[in-house]
Amino acid sequence: MKNRLNKLPSQVQKILKAASLAAAKLDCSIYLVGGVVRDLLLRRSVFDFDIVVEGQAIAVVKVLAKIFKVDFSRHHAFGTATIIVGGHRIDFATARVEHYIYPGALPRVKPANLVDDLKRRDFTINAMAISLNKGDFGRLIDLYDGLSDLKKGLIRILHKESFSDDPTRILRAIRFKERFSFKFESKTGKLLKQAINTKALSLVNSHRLRDEIVLILKEPKPYRYIKRIKELEGFRFLHPKIRLKPADFLFFIRIEKELVTYRRKFRKLRINQDWLIYLAGIMLALPLKTIEKVMADFAFKKGERIIITSIKSKLKEIKKLEKCKKKSLIYKLLCPLSFEAIIFFYAYYPNKNLRKNIDFFLETLIFTKLKVKGKDLKKLSIKPSKIFGNIFEELLYKKIDKGIFSKKEELSHVERIYKRLSLKKN
Ligand code: CTP
């Protein structure tokens, strides 16, 4: 494995060597573990590194933080710490055993050695380690034939209670299977189905389920993953009434396509949360109130909730874009929406005129800016109040529809709008 480690970015190599020395001085043993080992063996790019220390992980991190002059964050309960160097996240954990007091519970952890630490892991391909210890630096430690399963393309659990101990592994198994186009080893496949039949996922804390579904939807081309979940488990873990139909899958494929088109066409516009578009698609058939409840129960962030609920609540209104010709109306309909919601509608409605209007909004309307500022209104003796907002809004729509260009023209419109609005008020 030494040659694989030598291909890592030089900054990471320096850290691994320094970690090795620090551990030796502290009389601890130290290993790279889990997904990073799997990905190095698969020759995939690695950005995040998990390191296990037999002894005190924190002590090693403190030494490294000093050498590399970086801060570290620490999680006392789990004895873990993280440093970020050159864009790479390096997590250090004290080797531990996990004990599940009931299925789906968060595990109780106790310090242990590497063998115990590997024994608690989900799949053989994720249960390998590489020694970083002086003397055998770079040696692969493969207690469960993970390398052979990697070669055969198999997802295999380490023991038969794996899915019942931690049912999130049902979703993880699907994620890794689809990511690598692997198969379930036959016993693992049977136990996975058994766990599904006993509704094991219903025992898991909603926050953990949320993290898993987000990870799945963040995978490139999540369509395949959604399909596999539907075939195996369904989405009842999110809500019992989610039932995806074949047409929904055609829609997910269109989302994938539109995301590519959108990124090519509108390079400057940022869309960061593709996964939300898919999640909105999964929940679309639920009533708005139910979607709001699911988003709250699973503690999605406020911004995420707004995007998902805006998609559901604006679904019908956006249809107006099929016939709409008035530029300011196009603006009014699309401006409050996130780019994620816009892409959703782009994929949802095949109508040519609707898509043309969205294009026009993204290419042109979105860049409309007023030249008049608040201070210009004050100069016209307009007192800052709610009326400011109303004037700006109306002026913007006028500018969009009538093509007002100079500041002078804008100001004369301001005066007219102001007169009309104050007359209305009186
Ligand atoms: N792990 C586990 N059971 C879980 C979650 C994690 O056994 N429910 C172990 C696995 O050994 C996994 C490691 O913890 O490799 C790190 O977890 P995570 O970062 O979630 O997985 P990665 O394998 O690194 O996956 P990814 O490539 O998606 O980051």
Side-chain angles (χ1 to χ4, degrees), residues 8 12 31-53 57 75 78-82 84 87-100 103-109 112 114-130 140-147 149-150 154-182 188 191-192 195 200-201 203-205 207-222 224-225 237 275:
L8 288 171
V12 175
Y31 308 88
L32 264 181
V33 285
V36 51
V37 179
R38 174 199 71 217
D39 288 346
L40 283 171
L41 288 164
L42 288 171
R43 296 178 202 276
R44 288 167 62 96
S45 315
V46 186
F47 300 99
D48 298 341
F49 296 80
D50 284 325
I51 289 182
V52 156
V53 178
H75 196 309
F78 288 109
T80 58
T82 302
I84 295 185
H88 293 280
R89 183 192 158 101
I90 308 175
D91 289 316
F92 290 79
T94 302
R96 61 186 195 243
V97 269
E98 288 182 348
H99 172 60
Y100 295 84
L106 274 179
R108 297 245 167 101
V109 300
L114 178 75
V115 173
D116 293 319
D117 193 284
L118 295 178
K119 199 163 49 178
R120 72 177 171 87
R121 290 175 184 262
D122 49 4
F123 311 116
T124 57
I125 59 167
N126 290 343
M128 291 179 275
I130 298 174
L140 179 69
I141 300 161
D142 179 13
L143 308 177
Y144 298 97
D145 286 337
L147 180 58
D149 284 342
L150 261 191
L154 289 179
I155 305 291
R156 184 198 305 267
I157 45 175
L158 306 192
H159 58 87
K160 63 182 183 353
E161 275 82 35
S162 189
F163 289 122
S164 51
D165 276 353
D166 179 1
T168 61
R169 288 176 179 166
I170 297 171
L171 296 173
R172 289 176 64 84
I174 296 175
R175 179 154 62 91
F176 292 119
K177 175 182 181 301
E178 291 307 314
R179 184 195 289 172
F180 301 125
S181 300
F182 278 11
T188 300
L191 288 165
L192 179 129
L201 276 181
L203 301 171
V204 179
N205 165 302
H207 297 197
R208 294 188 67 212
L209 288 174
R210 176 206 55 210
D211 293 345
E212 287 304 327
I213 187 71
V214 173
L215 284 174
I216 285 175
L217 297 178
K218 280 185 175 172
E219 291 282 331
K221 300 184 183 294
R224 284 182 299 122
Y225 300 70
F237 65 91
W275 64 273

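We use all heavy atoms of the structure for the numbers below, so side chains are in, but hydrogens, waters and symmetry mates are not. Indexing begins at 1, ligand by ligand and atom by atom, following the structure's order.
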Query raised in the report: So among Asp145, Asp149, Asp122, which one has a salt bridge (charged side-chain N to carboxylate O under 4.0 Å, His left out) with Arg156?
Result: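 Considering Asp145, Asp149, Asp122, a salt bridge (charged side-chain N to carboxylate O under 4.0 Å, His left out) with Arg156 is found only for Asp149.
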Query raised in the report: Could an N or O of ligand 1 be found under 3.5 Å from any N or O of Asn126, whether backbone or side chain?
Result: yes
Report task. Please indicate whether any nitrogen or oxygen in Phe176 is less than 3.5 Å from any nitrogen or oxygen in ligand 1. Result ->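 N/O-N/O distance under 3.5 Å: no.
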Please list, in number order, the atoms of ligand 1 under 4.0 Å from a heavy atom of [X].
| X | answer |
| --- | --- |
| Arg175 | 28 (O) |
| Asp166 | 4 (C), 8 (N) |
| Arg169 | 2 (C), 3 (N), 7 (O), 8 (N) |
| Gly34 | 15 (O) |

Nearest non-hydrogen protein atom, [atom]:
| atom | value |
| --- | --- |
| atom 14 (O) of ligand 1 | Arg121 NH1, 3.4 Å |
| atom 15 (O) of ligand 1 | Gly35 N, 3.2 Å |
| atom 10 (C) of ligand 1 | Asp122 OD1, 3.4 Å |
| atom 26 (P) of ligand 1 | Arg179 NH2, 3.6 Å |
| atom 23 (O) of ligand 1 | Arg38 NH1, 2.9 Å |
| atom 18 (P) of ligand 1 | Arg172 NH2, 3.8 Å |
| atom 19 (O) of ligand 1 | Asp50 OD2, 4.3 Å |

**Report entry** Parallel, tilted or perpendicular: ring planes of Phe180 versus Phe182, cut at 30 and 60 degrees
**Finding:** tilted
**Report entry** Spacing of CZ belonging to Arg38 relative to OG1 belonging to Thr124, to within rounding of 0.5 Å
**Finding:** 11.0 Å
Main chain of [Y], side chain of [X]: is a donor-acceptor contact present, judged purely on distance under 3.5 Å?
| X | Y | value |
| --- | --- | --- |
| Arg120 | Asp116 | no |
| His88 | Asp48 | no |
| Ser162 | His159 | no |
| Asp50 | Gly34 | no |

Requested in this report: Kindly write out the residues that satisfy side-chain hydrogen bond (donor to acceptor under 3.5 Å, both in side chains) with Arg89, not counting sequence neighbours, or none if the list is empty.
Outcome: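 Residues passing side-chain hydrogen bond (donor to acceptor under 3.5 Å, both in side chains) with Arg89: Asp91.
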Query - Worked check of side chain to side chain contact (heavy atoms under 4.5 Å, CB included) between Leu192 and Ile157 - result: CA-CA 10 Å; Leu192 179 129; Ile157 45 175; over 6 Å; no
Query raised in the report: Between Asp142 and Val37, is any pair of side-chain heavy atoms under 4.5 Å apart?
Result: no
Report task. Kindly state if atom 7 (O) of ligand 1 has a protein heavy atom within a strict 4.0 Å cut-off, that is, under 4.0 Å? Result ->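 There is a protein heavy atom less than 4.0 Å from atom 7 (O) of ligand 1.
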Query raised in the report: Going by heavy atoms, is Phe123 under 4.0 Å from ligand 1?
Result: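 Under 4.0 Å: no for Phe123.
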